[in-house]
Amino acid sequence: DGGITQSPKYLFRKEGQNVTLSCEQNLNHDAMYWYRQDPGQGLRLIYYSQIVNDFQKGDIAEGYSVSREKKESFPLTVTSAQKNPTAFYLCASRGGTGIAEAFFGQGTRLTVV
Amino acid sequence: SQQGEEDPQALSIQEGENATMNCSYKTSINNLQWYRQNSGRGLVHLILIRSNEREKHSGRLRVTLDTSKKSSSLLITASRAADTASYFCATDVASNTGKLIFGQGTTLQVKP
């Protein structure tokens, strides 16, 4: 089945640790996105990538890092510099920009303990 | 922030009634899209309207777009309890940046 997969579904992090959230897609999409969603809030763009080996900062990139070494994969690292990382993280992909819908993963809920 | 505004933030209606949600945005766009999110899940695409279109229909959904006012509305007709969810607009920012910016969302509750 074609789709976009995020793992893990739940993640617990101790303060001061870096953690990496996985996002994999087999839709052959060029563009991939990471969003953060806080309770009762909308989605805020962290990073996005339109093509392999290239990515751009979104509105809230501080404390996060990404890589795009393969078309299928766009992992997000939440670093210790992110002061309030507890949130729901959503990954999305789409076939191109201009006229294309986004497909979302089921999300990763990150909690700092 | 380039994030748009949606109103109302929350909407509660009876089954069979129509639900209207509004979205305003700040930048020039290629298109505007509406998504649905069930609690704790990923988003699902509902409908896309291009910047040169004014109205679009899909089943019980009707979307309008007014680029002069930088606003859009989503109408769900004859609502059902299963329509209970959060609804988000997303703007595909023009100038080929690839950015897809979401609004704050409207939480819709449809009472049976």
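Labels below follow one simple rule: chain letters A, B, ... track the order of the sequence lines, proteins then strands, and each chain is numbered from 1.
Crowding of B:Gln9 atom CD: a count of heavy atoms from other residues, nucleotides or ligands under 6.0 Å not exceeding 12. Counted within 6.0 Å of CD on B:Gln14, heavy atoms from surrounding residues, nucleotides or ligands total more than 12; the atom is thus considered enclosed. Counted within 6.0 Å of CG on B:Leu75, heavy atoms from surrounding residues, nucleotides or ligands total more than 12; the atom is thus considered enclosed. By the neighbour-count criterion of 12 heavy atoms within 6.0 Å, atom CZ of B:Arg54 is densely surrounded, having more than that number from other residues, nucleotides or ligands. Remark: A:Arg13 CZ is packed, more than 12 non-hydrogen atoms of other residues, nucleotides or ligands lying under 6.0 Å away. Surrounding CD of A:Glu15 are at most 12 heavy atoms belonging to other residues, nucleotides or ligands under 6.0 Å away.
Taken together through direct or relayed side-chain contacts under 4.5 Å among Ile, Leu, Val, Met, Phe, Trp and Tyr, A:Ile4 and A:Val52 form parts of separate hydrophobic clusters.
Looking at A:Tyr35, only its side chain comes within 4.5 Å of chain B, counting heavy atoms on both sides.
Between A:Tyr48 and B:Lys99, the closest side-chain pair of non-hydrogen atoms falls below 4.5 Å. A:Arg94 is not listed as a side-chain neighbour of B:His45, based on a closest heavy-atom distance of 4.5 Å or more. The closest side-chain heavy-atom distance from B:Leu43 to A:Leu43 is below 4.5 Å. Residues B:Val44 and A:Phe104 have side chains not in contact (no heavy-atom distance under 4.5 Å, counting atoms from C-beta outward).
In terms of non-hydrogen atom pairs under 4.5 Å with chain B, the most contact-rich of A:Arg109, A:Gln56, A:Gln37, A:Gln6 is A:Gln37.
Among all heavy-atom pairs drawn from A:Phe88 and B:Gln37, the shortest one is CE2-NE2, 4.0 Å.
Summarising the geometry, atom CD belonging to A:Glu101 is positioned 11.0 Å from atom CG belonging to B:Leu100; distances are rounded to the nearest 0.5 Å. A distance of 9.0 Å separates CZ in B:Phe102 from OH in A:Tyr33, rounded to the nearest 0.5 Å.
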